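All of these numbers come straight from a predicted model, not from anything done at the bench. So that the names make sense, note that chain A is the first sequence line, chain B the second, and so on, each numbered from 1.
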2 protein chains.
Amino acid sequence: MNIADQTIPAIEAANEDRAQAIRDQLRDAIVDRRLAPGTKLSEGEVGTLFDVSRTVARAALQMLSFEGLVRTERNRGAFVANPSPEEARQVFASRRLIEPGIAIAAAGRMTPAHVAAFKAQLDEEGRFIAERGPNARRSEIKASGDFHLLLASVAGNVILQRFMEELVARSSLVIALYGRSGISSCGHNEHTQILEALENGNAERGSALMLHHIDHIEADLDLRVRSGPALRQALEF
Amino acid sequence: MNIADQTIPAIEAANEDRAQAIRDQLRDAIVDRRLAPGTKLSEGEVGTLFDVSRTVARAALQMLSFEGLVRTERNRGAFVANPSPEEARQVFASRRLIEPGIAIAAAGRMTPAHVAAFKAQLDEEGRFIAERGPNARRSEIKASGDFHLLLASVAGNVILQRFMEELVARSSLVIALYGRSGISSCGHNEHTQILEALENGNAERGSALMLHHIDHIEADLDLRVRSGPALRQALEF
DNA sequence: CTCGCAAAAATCGTATGCAATATTTTTCGT
DNA sequence: ACGAAAAATATTGCATACGATTTTTGCGAG
């Protein structure tokens, strides 16, 4: 397990909370799939890995558990979340409720600076799609999520922004788990279209496009139950 | 500070997480206004009060800080949140986005058992409105929130349910801070109407009523900024 | 060879101790 | 008497220690 090394050390803002920094690195590792769902994250291991005591490692894991990226079982430890198809559906149902509204809110607050940031974001996204290999694919999922987070930040509601951070992180996990690899790149075009609409102040259109976009992302998943019933099915055959 | 005593001991499920139990009691105390916004919650004090070490008290406070009910400052401690008018607006903007959708989802899943639970809930709510005194008013705010939480649980999306728990808790705080005392009891009628619509499977009407309901709650608040500018205004006069 | 059981190891939950930082009180000079 | 510097006090951040619980390992019986 080499998490701390792979991510950029980034000259930690020293007096910033250490637990928070560890949480951020672990979160990146989880949504990037460097840590597979189900992986055990023992307090001791995390602690030695980041060179802190179990106390602060534990705090970081507790934060991730609140975000739903980690599941903790009493006296057993913390594990990278392994969202069920039902959970996956709920994540996207939540996004369908929230994100069209965020798009509308963002439309009313777009500044040229915001537009420029979006353009840069979309460029980077396009670059990752052009590349090949599983590493680029990880980056692509991440960049795609960042588009939605950027939009949430423009909307200017910090509560919704935090909700979106959680939903995007969980979505990345879900996509990594249930995504059919090939198709998702069409999302880039949709992002472009959404930006276009919002840039022109067409909030309603941006909102509608966003709703379709979320539908498309979910449609690209294979959410048939597998582990429990599928196993039984396979054996009873 | 006598929080632990005022709430019912409730034969703590012993092997249940203690930090979580403390969090629940503190949360109740905060939304009930037994702990005023800005009150300092020192780890040591909470610890001795609930007869646990600072470690677990700290964990409880960390949870509350995630929910936005407590604000923690490094090396200074934890304080009951004192939401600004802007924060209050964001809470209600979030609810406007989420709750109409929850109403629609709930409409499709209402069983007779659910309806019965709602009827009981509304009865209790009505009883608190009939009573007088500040204590009844606290209970009224709480019961009003419970209606929305019950609806969220019927909707069957655990993620949205958790979001709603946070939003309702923060709303209680906001109402206690900025509420104009007299008027809020009309919310009870609106709850009744919403239930009626959903009971009849009229999801759209229930959703629309919910949106108005939230608007009404927010309209009953006095969200003019006071502390900063108001002070200056008072002195420059 | 497999199964079950007991001992050992690993891991968690929690308390406590120490250093660092904030807050309050005291003291001293003007 | 007032204000500022300094000491005393309190509180947080973090590490470590120890009992409790779970998991693994080792070994003997069937």
Sub-4.0 Å heavy-atom contacts from residues 57-73 of chain A onto DNA chain D, ordered by number: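 Heavy-atom cutoff 4.0 Å gives no residues at all.
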Does OP1 or OP2 of [N] have a side-chain N or O of [X] closer than 4.0 Å?
| X | N | result |
| --- | --- | --- |
| B:Arg18 | C:dC12 | no |
| B:Ser53 | C:dA15 | yes |
| B:Arg74 | D:dC14 | yes |

Distance, rounded to the nearest Å, where [X] contributes [atom1] and [N] contributes [atom2]:
| X | N | atom1 | atom2 | answer |
| --- | --- | --- | --- | --- |
| B:Phe50 | C:dA15 | CZ | P | 14 Å |
| A:Glu43 | D:dT21 | CD | C1' | 13 Å |
| A:Asp17 | D:dT12 | CG | P | 14 Å |
| B:Ile22 | C:dT14 | CD1 | C1' | 12 Å |

Set of residues satisfying salt bridge (charged side-chain N to carboxylate O under 4.0 Å, His left out) with respect to B:Glu166, sequence neighbours excluded: A:Arg162, B:Arg170
Upstream residue (5' side of DNA chain D) when B:Gly44 and A:Arg54 are each assigned their closest nucleotide: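 Whichever sits nearer the 5' end wins; that is B:Gly44.
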For [X], check side chain to side chain contact (heavy atoms under 4.5 Å, CB included) against everything at least two apart and list the hits.
| X | answer |
| --- | --- |
| B:Asp24 | B:Arg27 |
| B:Leu122 | B:Glu125, B:Phe147, B:His188, B:His191, B:Thr192, B:Leu195 |
| B:Arg89 | B:Pro85, B:Glu86, B:Glu218, B:Leu223 |

Pair B:Lys142 + B:Asp32, salt bridge at N-O below 4.0 Å: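 Salt bridge flag = no for B:Asp32 with B:Lys142.
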Carboxylate-amine/guanidinium proximity below 4.0 Å for A:Glu73 and A:Arg71: yes
Pairwise 5' ranking along DNA chain C for A:Ala78 and A:Thr55, keeping only the more 5' one: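 This one resolves to A:Ala78.
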Per B:Asn75 side chain, nearest of listed nucleotides C:dC12, C:dA15, D:dG13: D:dG13
Nearest-neighbour nucleotide for the B:Lys40 side chain, C:dA15, D:dT11, D:dA15 considered: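 For the B:Lys40 side chain, the nearest candidate turns out to be D:dT11.
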Residue pairs fulfilling salt bridge (Lys or Arg N to Asp or Glu O under 4.0 Å) with at least one residue in residues 144-155 of chain A, sequence neighbours excluded: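 Sorted result for residues 144-155 of chain A: empty, none.
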